[in-house]
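Encoded as structure tokens, the structure appears first; notes follow it.
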Amino acid sequence: MSRERDKSGPSTRAVHGGERTTRSRVSDSLTTPIVQTAAFWFRDTQEVIAYQEGRHASFEYGRYGNPTTRVVEAKLCELEGGADCVVSASGMNSVTTMLLALVPQNGHVVTTHDCYRRTRQFMQTVMPKMGVRCTVIDPSDLHALERAVADGANLFFSESPTNPYLRCVDVSAVAERCRAKGTVVVIDSTLATPVNQQALALGADVVLHSVTKYLAGHNDVLAGALVGKESFIRPIRELHGVLGGVIDPHAAYLVLRGMKTLSLRVARANENAAAIARFLEQHDKIERVHYPGLPSHPDHAVARRQMGGGFGGMVSFEVRGGLETASKLIDALRVPYIAPSMGGVESLVEQPTVISYWDKSPEERAQIGIRDNLVRYSCGVEDTDDLIRDLEQALERL
Ligand code: PLP
């Protein structure tokens, strides 16, 4: 699916990317049709044989591909500047399929400690069954990375920005150190989106997305994607056809529809998050704000270098007080929904301790680095003034 990147901007690519070039014309439909089928038929045996011998193109069976899904993949290639892409049923399915495809038995994975909980769970509880070891490092500790690479690490995986502390990995510096020893670099760019960060251009081999979030953008569908060089995506696609975590064609259509407004939504979410971060940082009831766009953030310099479009739609902050004060603030907010996830048009708010780590003891949470007064606010596309006014009234009630 190698595709030359044209010179159009990200908004034009989000609307038109992959649409007219990838699909065949059905009833002159302006939009990409939902090809709701489990299998693809052949006209005669000769056509089956031609397919087997590579002279006739067919997806053959829904687990191996679908025309609607293929347009999503082509659009993502254009947005990320990748040669190939495989879309699947969820971000976690992309994570697990990628790790199983690219890490050998008895291999070694390096990841960062501020990491989506389920990704870390898979690396630390399932991968060891295949003899795979996992080294966890600080997102900015390049010396620890160098040691792991020298020790033969097969793959480096990190979000950038990370979730929930929004740490930013210096992707170019990581890629430079990994390239020398053939360590594959995979960056989960979910929080950045291709609008704010071009991880492949920075040197990553593969970019991962929980498409569920900003790409689909409407809190109504789950999907995942991996974009990168063909040599990495090919084995992932092959294993994906075996493991079977395929996206339904209707879900793929919802993703396509959502992606067309990606740039507009991300621009507003960036604006909202930056405004909230600035507002909260000067508020005396807030202890600390984590936002890569703020000079006070430990990775601000890295973020400025590698996040061209903006610093993302998520802000995390610590409320002065403890667990209860943070809950009280959340309960007093009127605009955002209390919910996990992020990246849709609706703003969402959550307390990581309560929504993701309630099963852990305070000591375990402290060890993972989850503070009980932490609030994660994921901006939607509402009016900035409304979100700020809402925060003001909620803070007044503390
Ligand atoms: N990566 C990040 C950064 C996430 O936040 C999540 C989910 O919250 C995932 C991956 C997993 O994606 P999904 O929920 O689509 O399976």
Side-chain angles (χ1 to χ4, degrees), residues 69 72 76 80 85-100 109 111-124 126 139 155-169 171 186-194 196-197 199 204 206-227 236 240 243-248 251-252 254-255 258-259 266 269 273 290 292 307 311-316 337-344 346 348-352 354-357 368-370 374 376-379:
T69 307
V72 180
L76 265 164
E80 286 288 7
C85 167
V86 59
V87 165
S88 61
S90 69
M92 270 320 292
N93 188 77
S94 294
V95 169
T96 54
T97 308
M98 178 277 296
L99 288 169
L100 292 171
V109 177
T111 191
T112 50
H113 57 61
D114 190 23
C115 175
Y116 178 55
R117 183 185 177 185
R118 301 298 175 203
T119 304
R120 187 173 44 221
Q121 186 180 348
F122 185 75
M123 287 179 180
Q124 295 186 329
V126 182
L155 187 139
F156 171 84
F157 179 90
S158 180
E159 293 156 31
S160 191
T162 61
N163 174 14
Y165 288 108
L166 305 158
R167 299 294 309 275
C168 297
V169 169
V171 181
V186 183
I187 297 295
D188 181 337
S189 231
T190 299
L191 270 69
T193 82
N196 292 332
Q197 179 171 281
V206 176
V207 172
L208 185 141
H209 282 286
S210 166
V211 174
T212 313
K213 313 290 168 25
Y214 295 92
L215 291 169
H218 293 76
N219 288 321
D220 57 1
V221 65
L222 276 95
L226 292 147
V227 195
I236 299 172
H240 180 63
L243 297 179
V246 289
I247 185 169
D248 179 80
L254 288 175
V255 170
M259 278 172 69
V266 169
H290 304 266
M307 298 183 79
F311 298 101
M314 186 190 284
V315 193
S316 296
Y337 286 88
I338 301 173
S341 203
M342 70 193 93
E346 297 91 359
L348 307 181
V349 69
E350 62 157 76
Q351 198 170 351
V354 179
I355 209 149
S356 301
Y357 295 94
I368 301 166
I370 295 297
L374 185 71
R376 200 187 81 170
Y377 196 115
S378 306
C379 296

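In listed order, ligands and their atoms are each counted from 1.
The atoms of ligand 1 that sit less than 4.0 Å from any heavy atom of Ser90 are 15 (O), 16 (O). Per-residue contacts place Met342 under 4.0 angstrom from the following atoms of ligand 1 (heavy atoms of the residue considered): 5 (O). Within ligand 1, the atoms closer than 4.0 Å to a non-hydrogen atom of Ala223 are 15 (O), numbered from 1 in the order shown. Short contacts between ligand 1 and Glu159, defined as distances under 4.0 Å to a heavy atom of the residue, involve ligand atoms 3 (C). Heavy-atom proximity to Asn163, at under 4.0 Å, picks out these atoms of ligand 1: 5 (O). Interface of Asp188 with ligand 1, defined as ligand atoms under 4.0 Å from a residue heavy atom, comprises 1 (N), 2 (C), 3 (C), 10 (C).
With a 4.0 Å cut-off on non-hydrogen atoms, Arg118 does not touch ligand 1 at all. Proximity of Pro340 to ligand 1, defined as any heavy-atom pair under 4.0 Å, is not found for any part of the residue.
For the residue pair Ser210 and Thr190, no side-chain donor N or O sits within less than 3.5 Å of a side-chain acceptor on the partner.
Closest approach of Met98 to Leu155, counting heavy atoms only: SD-CD1, 4.0 Å.
Within 6.0 Å of atom CZ in Phe122, more than 12 heavy atoms from other residues, nucleotides or ligands are found, so the atom counts as buried in its surroundings.
Here the rule is side-chain contact (heavy atoms from CB on, under 4.5 Å) with His209, and of Ile187, Leu215, Val87 only Leu215 fits it.
For ligand 1, the polar-atom distance check against Gly91 finds a nitrogen or oxygen pair separated by under 3.5 Å. The shortest N or O to N or O distance between Ser210 and ligand 1 is below 3.5 Å.
Annotation: atom 15 (O) of ligand 1 to nearest protein heavy atom, Thr212 OG1, 2.6 Å. Nearest protein neighbour of atom 6 (C) of ligand 1, counting heavy atoms only, is Lys213 NZ, 3.2 Å. Counting protein heavy atoms only, atom 16 (O) of ligand 1 is closest to Met92 N, 2.8 Å.
Counting only distance, with no hydrogens or angles, the side chain of Thr97 and the backbone of Ile236 share no donor-acceptor pair below 3.5 Å.
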